[in-house]
Each structure stands twice: as C-alpha cells, then as structure tokens.
Amino acid sequence: MSEVTPASIPTAAPKKMEDIVALCRRRGFIFQSSEIYGGINGFWDYGPLGTSLKRNLKNAWWSDVVERELIGPDGTAIDIVGLDSSIIMNPKTWVASGHVGGFNDPMVDCRESKSRYRADHLVVLGAMEAGARLYAYIENDDEQKAQAAKSLAKYEKRDTLDPARHVLRAFPTITAEERARTVGPNAKEVGTLTEARQFNLMFETNCGAIRDENSLAYLRPETAQGIFTNFWNVCDSTRVRVPFGIAQIGKAFRNEVTPRNFTFRSREFEQMEIEFFIRPESANEWYKWWRDWRFAWWQKIGLAGENLILREHNRDELAHYAKVGAGTSDIEYRFPFTAPGYGELEGIAHRADFDLKAHATHCGKGDKMRYFDQEKNERYFPHVIEPSAGADRGTLALLCEAYTADPTRASGVFMKFNPRMAPVKAGVFPLVNKDGLPEIAERLFRDLRKQHAVEFDEKQSIGKRYARMDEAGTPFCITIDHDGATSGTATVRHRDTQAQERVALDQIPQFVAERVG
RNA sequence: GCGGGUGUAGCUCAGUGGUAGAGUGUCACCUUGCCAAGGUGAAUGUCGAGGGUUCGAAUCCCUUCACCCGCUCCA
C-alpha cells in the first residue's frame, strides 16, 4: 500500500506505543510478568489473545519452513527437519561458541560522554604523584592517544611529557581514588568514569543439588548451538544430505543491560531459527535466496507495508563469525518506538563453517567430524546460512502493524491482523437473544469450531459485540438475524470495512475456511 | 548506565494533610430488529512497594520497583 498523501489531507496520527501497550493489557494480549509483585524488568506474559497470536505466528513459520513444500533456488524442494534441543547444555558449548569468552568483559561507562568502554581496552596516562590528573584513552587509538598526551601536557603546563614521570597503566589496575581524578576519552571533567563492571549477558544457573564451580551452567543465549551440536546426530539418524536445514523454535535468555521497548528487548524470548547447511561454494546463492524468501514470508503474514525493510549489513557491523562470507542482512520493522528508524525482526547470516568447526575442535575430534559428501566423495565442514527470527518481536510487529485507530467506530481502534494470524477467526452472534436466534447461532458456532478458533457471544448489544471483536482483531463477525433465521442465511461483517454481506448458513464454513488461511 | 515523565477501580483520569471519587468498561436482569443504544441493579482499590514526618499521609520527605520517552547498549 503506497500512499501519497496530499498536504491538504491530514495524515493518520502516528501510533503511540503507550496506546498499543494499553490495548495489549486491556484485551489480554500481553501482561507484565509477575505484575502483582510490581513486575520484573525484561519479562512479559502472554494472555489468551496474545498466546494465540504468537502461536499462530510460530505455527505459520513451522508449517512453511518444515512441513510444507519449499522450493529452493534450483527449482527442487528443499529438506528441513525439526529439532527441539534443551535450554541448558554442557557449558563447554558456550566456550566453543564464543559466548563465554566474548561477553564476560568488564565494561566502564563515562557519565559525561555517555560512552561505554571495555575496561581492558582503556589505558590511563599521567604522573604517579597524588592529586595529579590522569587521562584515559582507548588503546591503539592514535588520535585519542595524542589528544590525551596533549591534554596532559597542557594541564601540567609543559611542552612535552617526561617519560620518567608520565607512565601508562591499564585502566583495571588503577585505584578508585585514581579513577576519581581521571578524565575519560572525549570528556572534560575528572571522575566521570565508573568502576569496571562485569556484564554477564548469559544467565547462570547451577545444575544439580550441590552448588559449586563444577555445577555452573547457562541458560542458552541462542537456540542455534543446540542445532550445531546436534548436526552429526541428525545426519546419522535422518536421510538428509547437504544442502539441508534444521529448524527449531525455542526460548533463549540474555541478561540484557537495558531491557526496553515493551517485549522488543526481553531477557527471556523465543527464537525461530534455521541453520541451513550448504556446500561452501554455494553460500552466495543460498544466502540471497534465504534473505529474499524470508523477507517475502514476513510480508505474506501481514507486514506488507512500507514499515518492513530488508537491510544489508555493512562490513564493520558483522559478527565475529560472519567477517568473511556472503554477508548478513536484517529484516527490520519500523516500530513506533524505533520510528523513523527500524528494529530487527530477523537476521540472515552466512556463518560460514565457524560453529561446526568450533565444536569439532572443542570436543577434541577435529577433522574427523567433517561431513562426508557421498556424491562428490569429499569431506568438508558445511557452511551455514542462518535465518534467525524473533517470535516475540514478530508478534510485537504484528500487533503494531495491526493497531489501527479509527475514531469513527465505537472501539476507537481495531486490530487489522492478517486473517491467518488473527487469534479469533470469527465471532458468531444472534442479533437478539431471543426468537430462536441463539439456537441457530450456537449450531453454526459449534460447526465452525470443529475447524477454527471462533467465539460465540449473545450478551449485550450487537454494537458492543462488534466493538469487542474489533479490538481482538477478529476478521469476521457472523450474525443471525430474523431474516436469516427464515431464509437460512446470516450476515457476515468484515472487520476492516464494517461492510456486511449475506451468506447462506451452509456456505459459511467454506466462506471462513477460504479466508483464514 | 544517564536524563525526563508516569504510577489512584479492568481502562482513562480527578483528588496537594482530614470519610478514596468520576467517567467508562465489566457482570446480572429488563429491553433490543446491525455497529460500545436505553433502564435498573451489582461487584471492583496492597492509592506501585518499603520506611519516615505527623494526632492524621494518595497528598510532605527518603529509599526502592515498574512502565513510557530521549540517550547509551544490543554477540
């Protein structure tokens, strides 16, 4: 839907996150976790409607990725099998993946420049004597180094530094008192650097009744490693051959520094990940194919507008495992809280053979773990294309996209879900609660319920029932009226237009089935 | 992590030291002839939490938690 809005016509007011959050709570899409105790930062619960919405999203993904036929770039159907690996794994997994080494670094914040630095990357320059100013800069940053030296010389009112007096020390080795008289990089005041703090991005737990260093375990920060560690099991137990994929939906946990923006950055979240194993030389072709197919998929389930974009990463923002390779791209959605920018829904990355090699090395078997290609009679570590999507972020995007203010209707707002995603597919109502109408409506309801998530409502005025269904995002409301009771028909009210059409009762199951995917 | 804002009924909010309120929604009954109609009635509160000041605190002070906004961060 591309719309060129003439200046004379007021554009729709931007959606406010606050309103969406309020509707989610009011209608039972999403609640704060442990709300009666004041909540807990970074955790959310899904209510009845939200659970259905998220489940519809996950089911659509699973169905389209694993179950239904998927035609690959060469025109033949591709193989993807499912997996459900455990959340807690042998901690060596996270050493091999790089999560233990890479994310345990103490960090330092600067209150003045609002920057955050790795403590072991900072060095301080200055005289040893008490009370003297020290200047910190990032190691190997020549520009900052020169600036620090210049500032120090100016402070000490001299032209050049005295190598005997002015020493260089690693930031983690200085005392709190010294830190208090240190000027941070790009800062002017002293004492704006915080002490080095450990950011443990992985949740730790203990496995077994005895709690000691041997019992340390982690809640997985991504589902991917369960796939990689099972790669050999799947190959041995399934008749898959490269190229093929392993798909998994599951919870992951990250002790985010700043959980924010409703469910967007939660500490507990659900991922929908595919690791697609390929011959290294076909990486480019598969990478592009997955990127484009995944983008089209999000469009298909309702994010069809200009709020969805595909963004190729720049080289300098690539993850450690993707420095070489075909590339990384994000499928991003313009959330109300990121606008005019975008937030990531799914990343498609060429992870090369980083993970399989890392596990092969760390488990001690090395090259013996290489995949054997019967056809070509060669051994190699397959490369991986990883489309990794966030189920909670996807659900949030569906909610934001669906939220449509409409001051002309009673609810003031309706949720314009794609029918395949809608938690409730149809509402079935008797126009009035008498004259035999409820009985007819209930028969229809029970009939539809054999196949669809539908709701029956006989209470209160018809307008209120339509309004409630608008907020739940129900695409169709089927009402049995007096005319219909005699002619064997019902009116079907369309959520988006509020238009009605008359449909024969015996046609309604088909009518609904054709429209809800 | 920094700064700003908010927190009182399911929701939106009023209430600035003296009996916790309104609108709306919810529920029940009546009514009903297609978009939150009308009538009658009912239920609903750790005033975010903890501490302090006070004869008395939703209100003043301190601490803390949570959410929203702007930075920061985001393997």
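So that the names make sense, note that chain A is the first sequence line, chain B the second, and so on, each numbered from 1. Values below: all heavy atoms of this structure, side chains included; hydrogens, waters and symmetry mates excluded.
At a threshold of 4.0 Å, the pair A:Arg220-A:Glu273 does not count as salt-bridged, since none of the basic side-chain nitrogens sits closer than that to a carboxylate oxygen. Between A:Arg502 and A:Asp481 a salt bridge is recorded (basic side-chain N to carboxylate O distance below 4.0 Å).
Shown for residues 496-503 of chain A: residues whose heavy atoms fall under 4.0 angstrom of RNA chain B, namely A:Gln498, A:Gln500. Across residues 425-447 of chain A, A:Leu431, A:Val432, A:Asn433, A:Lys434 each have a non-hydrogen atom less than 4.0 Å from an atom of RNA chain B (numbered order).
In terms of position on RNA chain B, the residue among A:Arg267 and A:Ala22 whose nearest nucleotide sits closer to the 5' end is A:Ala22.
Phosphate contact (OP1/OP2 of B:U26, side-chain N/O of A:Gln460, threshold under 4.0 Å): present. The phosphate of B:C65 has neither OP1 nor OP2 within less than 4.0 Å of any side-chain N or O from A:Asn41. Using a 4.0 Å cut-off, some side-chain N or O of A:Arg25 falls inside it from OP1 or OP2 of B:C11. Between A:Ser461 and B:U32 there is no side-chain polar atom (N or O) within less than 4.0 angstrom of OP1 or OP2.
Judged by distance alone with a 3.5 Å cut-off, no donor-acceptor contact links the side chain of A:Tyr37 to the base of B:C65. One can find a donor-acceptor pair under 3.5 Å joining the base of B:C35 and the side-chain atoms of A:Arg493. No N or O donor and acceptor, one from the side chain of A:Arg468 and one from the base of B:G25, sit under 3.5 Å apart.
Side-chain rings of A:Phe511 and A:Phe476 approach one another, their centers coming within less than 6.0 Å. For A:Phe264 and A:Phe262, the gap between ring centers reaches or exceeds 6.0 Å.
Taking the centre and axis of the six-membered ring of A:Phe414, the NZ or CZ atom of A:Arg495 falls outside the cone set by 45° and 6.0 Å.
Across B:U26, B:C69, B:C67, the shortest atom-to-atom separation from the side chain of A:Lys464 is found for B:U26.
Of the P atoms belonging to B:C27 and B:G10, the separation is 15 Å, rounded to the nearest Å.
Distance, A:Arg465 CZ to B:U32 P: 14 Å, rounded to whole Å.
Base pairing annotation: B:C27 forms a Watson-Crick or G-U wobble pair with B:G41, both donor-acceptor distances under 3.5 Å. The nucleotide B:A22 finds its pairing partner in B:U12, both defining distances of the Watson-Crick or G-U wobble pair being shorter than 3.5 Å.
In the model, A:Thr263 has no side-chain atom that pairs as donor or acceptor with a side-chain atom of A:Tyr46 under 3.5 Å.
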